[in-house]
Undergrad: 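Input: one structure, supplied below.
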Amino acid sequence: MGAQTMVFLSQADLVHEALIEKGQVFATRPPENSTRNTLSTSKFHAFRKVRVTAMDKLVDRSKTEAAATGGALDEKTIEKIDDMMKKVLMTIHPRLDDFLPLLRPFFLKQCKQAVEVRQHQITLLAPLIEWRRAVINNPGTKPIFEFSYLDTLFDLKVEGRKDPPTTPEIVTLCSEFLNGGTDTTSTAIEWAIAMFIESPSIQLRLYNEIKSVVGDKKIDETYVNKMPYLNAFVKELLRKHPPSYILLTHSITEPVKLAGYDIPAGTHVEIYLPGIIEDPKIWSNPDRFDPDRFLAGGETTDITVVTGVKMIPFVVGRRICPGLGMALLHVSLMIARMVQEFE
Ligand code: HEM
């Protein structure tokens with residue numbers, strides 16, 4: 001890969017050695033930051049009302065689309081942001097000239113497009129950021145949300161700098177947060193729907209569990225933990241079809257030994273999940289999509305790796321996804337609500 005040394009880890013014991021035993025060398029970010037604070041259990045419970053509204057919207061929207069009324073949805077700004085985020089994701093996808101800068105002259109058109117996407121991103125998000133800043137700075141206004149991730153960025157202390165982040169920098173941080181939280185969750189939901197199409201009996205079992213626990217009431221997050229089959233389904237979904245098969249790149253801060261090999265500082269480490277989730281030494285019939293493996297007496301998940309690396313859809317160690325709790329709840333709730341409405 002050009003001038004960049006890369007190491008791919010696709011074995012459970014190597015991932016354990018790198019991310020748990022030598023975790024401090026294999027993560028460049030400190031474990032505590034404002035993202036983690038925002039996504040802590042107490043903070044994300046504060047957003048319950050937003051979740052109820054969002055869930056209703058998701059169902060209403062799906063109903064509208066299913067009925068093909070073509071009625072205009074009053075969500076123009078959200079759609080514009082969604083569209084922009086997809087463009088950003090496409091733009092930052094690695095290109096050949098990222099690894100071989102000599103080839104850059106052949107990619108001038110793409111470079112120009114990237115600048116335009118960035119400009120569009122700032123134009124769209126900066127006014128929302130400034131609006132919130134004004135609300136926070138004006139003690140007379142009562143904010144709609146008492147706390148938001150954005151609030152933690154206005155006065156963020158940046159190492160080695162006197163000034164807090166600029167608005168374009170805040171745009172980048174907010175976009176990372178939005179992309180990290182939405183694309184992964186929606187990919188998991190898409191896989192769930194694919195599994196229902198492949199195995200309608202799984203959907204029926206889930207539907208019956210929802211009926212028996214919730215009756216005719218609308219399912220909400222208070223029921224999620226009372227549904228063993230739903231929980232087993234979500235675990236199997238994240239084992240067999242993690243939203244990302246190759247996780248985010250980790251960078252090594254100092255020379256280190258891994259499996260006896262010398263790895264120089266600055267090496268990029270990629271973690272390839274199929275090597276772990278398809279390992280027959282770890283899972284029985286790993287190729288089979290089978291939520292029952294997680295029901296009483298069956299196999300265990302251990303997503304946070306207390307006993308060992310088995311499945312790590314949220315990675316593990318210092319850079320474990322700070323949205324893990326929120327993600328499990330959102331994915332479970334969205335799947336259950338959709339099955340309840342559209343069985
Ligand atoms: C099924 C859903 C999700 C999955 C599978 C997932 C998975 C991941 C993974 C694999 C990473 C990369 C860790 C690494 O290797 O460095 C990550 C990072 C991150 N995720 Fe998630 N995630 C999900 C949902 C969410 C949600 C709902 C949020 C927030 C609302 C979120 C916020 C983040 C953030 C901010 C990071 C960057 C953390 C850092 O760099 O320290 N994720 N996630």
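As the structure lists them, so they are numbered: ligands from 1, and atoms in each ligand from 1.
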Undergrad: Is the shortest side-chain heavy-atom distance between Leu333 and Val224 below 4.5 Å?
TA: yes
Undergrad: Out of Pro322, Gly180, Gly325, Gly181, who gets a non-hydrogen atom closest to atom 34 (C) of ligand 1?
TA: Pro322
Undergrad: Look at atom OH of Tyr245 and say whether more than 12 heavy atoms of other residues, nucleotides or ligands are closer to it than 6.0 Å.
TA: yes
Undergrad: Would you mind running through ligand 1 and noting each atom that sits below 4.0 Å from a heavy atom of Met326?
TA: 30 (C)
Undergrad: Which atoms form the tightest heavy-atom contact between Pro286 and Ile277, and what is the distance?
TA: CB-O, 3.6 Å
Undergrad: Between His330, Arg319, His250, flag the one that comes closest to atom 15 (O) of ligand 1 by a heavy atom.
TA: His250
Undergrad: Which of these, Pro242, Ser244, Pro313, has its nearest heavy atom closest to atom 9 (C) of ligand 1?
TA: Pro313
Undergrad: Near Pro243, which atoms of ligand 1 are under 4.0 Å from a heavy atom of that residue?
TA: 5 (C)
Undergrad: Just let me know how Leu247 lines up against ligand 1, side chain, backbone, both or neither, with a heavy-atom cut-off below 4.0 Å.
TA: side chain
Undergrad: Taking the six-membered ring for Trp, are the ring centroids of Tyr207 and Phe342 within less than 6.0 Å of each other?
TA: no
Undergrad: What I want to find out is whether Glu169 reaches Arg161 closely enough, with some N-O distance under 4.0 Å, to be called a salt bridge.
TA: yes
Undergrad: On a heavy-atom basis, I'd like to know which of Thr184, Thr249, Leu324, Ile312 is closest to atom 23 (C) of ligand 1.
TA: Thr184
Undergrad: Can a side-chain donor-acceptor contact be found between Glu130 and Thr167 if the only test is distance below 3.5 angstrom?
TA: yes
Undergrad: Please determine whether a side-chain nitrogen of the Lys or Arg among Lys281 and Asp13 lies less than 4.0 Å from a carboxylate oxygen of the Asp or Glu.
TA: no
Undergrad: Nearest to atom 18 (C) of ligand 1 by heavy atom, Cys321, Ala188, Gly317: which?
TA: Cys321
Undergrad: Which atoms of ligand 1 are found less than 4.0 Å from any heavy atom of Val315?
TA: 10 (C), 13 (C), 14 (C), 15 (O)
Undergrad: Output the list of atoms in ligand 1 that are nearer than 4.0 Å to some heavy atom of Leu248, sorted by atom number.
TA: 12 (C), 14 (C), 15 (O), 16 (O)
